Amino acid sequence: MIRKFRLTNGAGDGWDLNSRTSFFHAIAGLGFKDGTQYEQVGTDFIPLEELFSQGEMSGRILFGGTAAYQTYRDFSRFVRAVPLTLIYQTDETYRVPVRLTELSKGELMEGGGGLVCDVAFLATGLFYKSVTRQSGVLSIGGKVYPYTYSYSYAEVSQNTLVIDSDSYEDSPCKVTIFGLMLYHFS
């Protein structure tokens, strides 16, 4: 699968970085760098706090076509609507909050075929994946008893949801619950 890049801005607009008019390439910095500081104790080095260094993704954007200058200006306005999210799609889709810290501007390529500009994005968080899950629905009806039975015969009981994080890092999350509220009147 070919990799794809896309940006979204604070206004909710998107910018395709795989198009012929704005192609992001020569990319570096998609991995991570360990920023842990150590204290030497004798001949050992003890980690004080395990941290990631702030990520920086850099590369070049080819603003192609006869309207390259206009596309450059449109892009420079687009990225000023912060915050930005860089969406990186390979076998899965990853997102990272970023801020554009560099957007160079040169002259048109020979023949007027486009404008190549260096860019740098500074990460303001870690890469993450959006996860959507839905639990099975248990219909409540019939007779209701004044006691509960806490045993479940399934690994996961109805109306519950388990999401396992595949990361060793803190995984803050946003939980949105859509549902029906049931009222019981006696």
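Only heavy atoms go into these numbers, but all of them, side chains included; no hydrogens, no water, no symmetry mates. Along the sequence shown, residues carry numbers from 1. Remember, it's a predicted structure, so these values are computed and weren't measured experimentally.
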Check step by step if side-chain contact (heavy atoms from CB on, under 4.5 Å) holds for Ile61 and Leu17.
CA-CA 8 Å; Ile61 297 179; Leu17 291 171; 3.9 Å; yes
Determine the minimum heavy-atom distance between Gln54 and Ala123, stating which atoms define it.
NE2-O, 2.8 Å
So which atom in Leu100 and which in Leu84 form the shortest heavy-atom distance, rounded to 0.1 Å?
N-CD1, 4.0 Å
Who are the ring-ring contact (aromatic ring centres under 6.0 Å, His included) partners of [X], not counting sequence neighbours?
X	answer
Phe32	Phe52
Phe127	none
Phe75	Trp15, Phe63

Compare all side-chain heavy atoms of [X] with those of [Y] and state whether any distance is below 4.5 angstrom.
X	Y	value
Val98	Met57	yes
Leu7	Phe121	yes
Asn18	Phe23	yes

Evaluate side-chain contact (heavy atoms from CB on, under 4.5 Å) for Phe5 paired with Ile27, printing each intermediate quantity in order.
CA-CA 11 Å; Phe5 286 96; Ile27 302 155; 3.2 Å; yes
Using distance only, find each side-chain donor-acceptor pair of residues 102-114 under 3.5 Å and give its atom names and separation, not counting sequence neighbours.
| from | atom 1 | to | atom 2 | distance (Å) |
| --- | --- | --- | --- | --- |
| Ser104 | OG | Asp118 | N | 2.7 |
| Ser104 | OG | Asp118 | O | 3.4 |
| Glu107 | OE1 | Tyr69 | OH | 3.1 |

So CG of Asp91 and CZ of Arg3: to nearest 0.5 Å the spacing works out to 14.5 Å
Could you give me the CA-CA distance, side-chain angles and deciding distance for Thr90 and Lys4, then say whether side-chain contact (heavy atoms from CB on, under 4.5 Å) is met?
CA-CA 7 Å; Thr90 57; Lys4 294 180 183 176; over 6 Å; no
How would you list all residue pairs meeting salt bridge (Lys or Arg N to Asp or Glu O under 4.0 Å) that involve residues 5-15, not counting sequence neighbours?
none
What salt bridge (Lys or Arg N to Asp or Glu O under 4.0 Å) pairs are there with at least one residue in residues 63-85, not counting sequence neighbours?
Asp74-Arg77
Which other residues end up in the same hydrophobic cluster as Leu122, if Ile, Leu, Val, Met, Phe, Trp and Tyr are linked when side-chain heavy atoms come under 4.5 Å apart?
none
If the condition is side-chain contact (heavy atoms from CB on, under 4.5 Å), which residues does Ser53 pass it with, not counting sequence neighbours?
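Counting only residues at least two positions away or on another chain, Ser53 forms a side-chain contact (heavy atoms from CB on, under 4.5 Å) with Lys33.
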Would you please name every residue forming a side-chain contact (heavy atoms from CB on, under 4.5 Å) with Arg95, sequence neighbours left out?
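In terms of side-chain contact (heavy atoms from CB on, under 4.5 Å), with neighbours along the sequence ignored, Arg95 is linked to Thr85, Ile87, Thr93, Tyr128, Ser130.
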Got a sec, which residues hit side-chain hydrogen bond (donor to acceptor under 3.5 Å, both in side chains) with Thr71, two or more places apart in sequence or on another chain?
none
Checking side-chain contact (heavy atoms from CB on, under 4.5 Å) for the pair Val119/Phe24: CA distance, chi angles, key distance, verdict?
CA-CA 9 Å; Val119 293; Phe24 188 34; 3.6 Å; yes
Can you give me every donor-acceptor pair (side chain of residues 34-42, partner residue at least two apart or in another chain, under 3.5 Å) with its distance?
| from | atom 1 | to | atom 2 | distance (Å) |
| --- | --- | --- | --- | --- |
| Asp34 | OD1 | Thr36 | N | 3.1 |
| Asp34 | OD1 | Thr36 | OG1 | 2.6 |
| Thr36 | OG1 | Leu51 | N | 3.4 |
| Gln40 | NE2 | Gly42 | O | 2.9 |

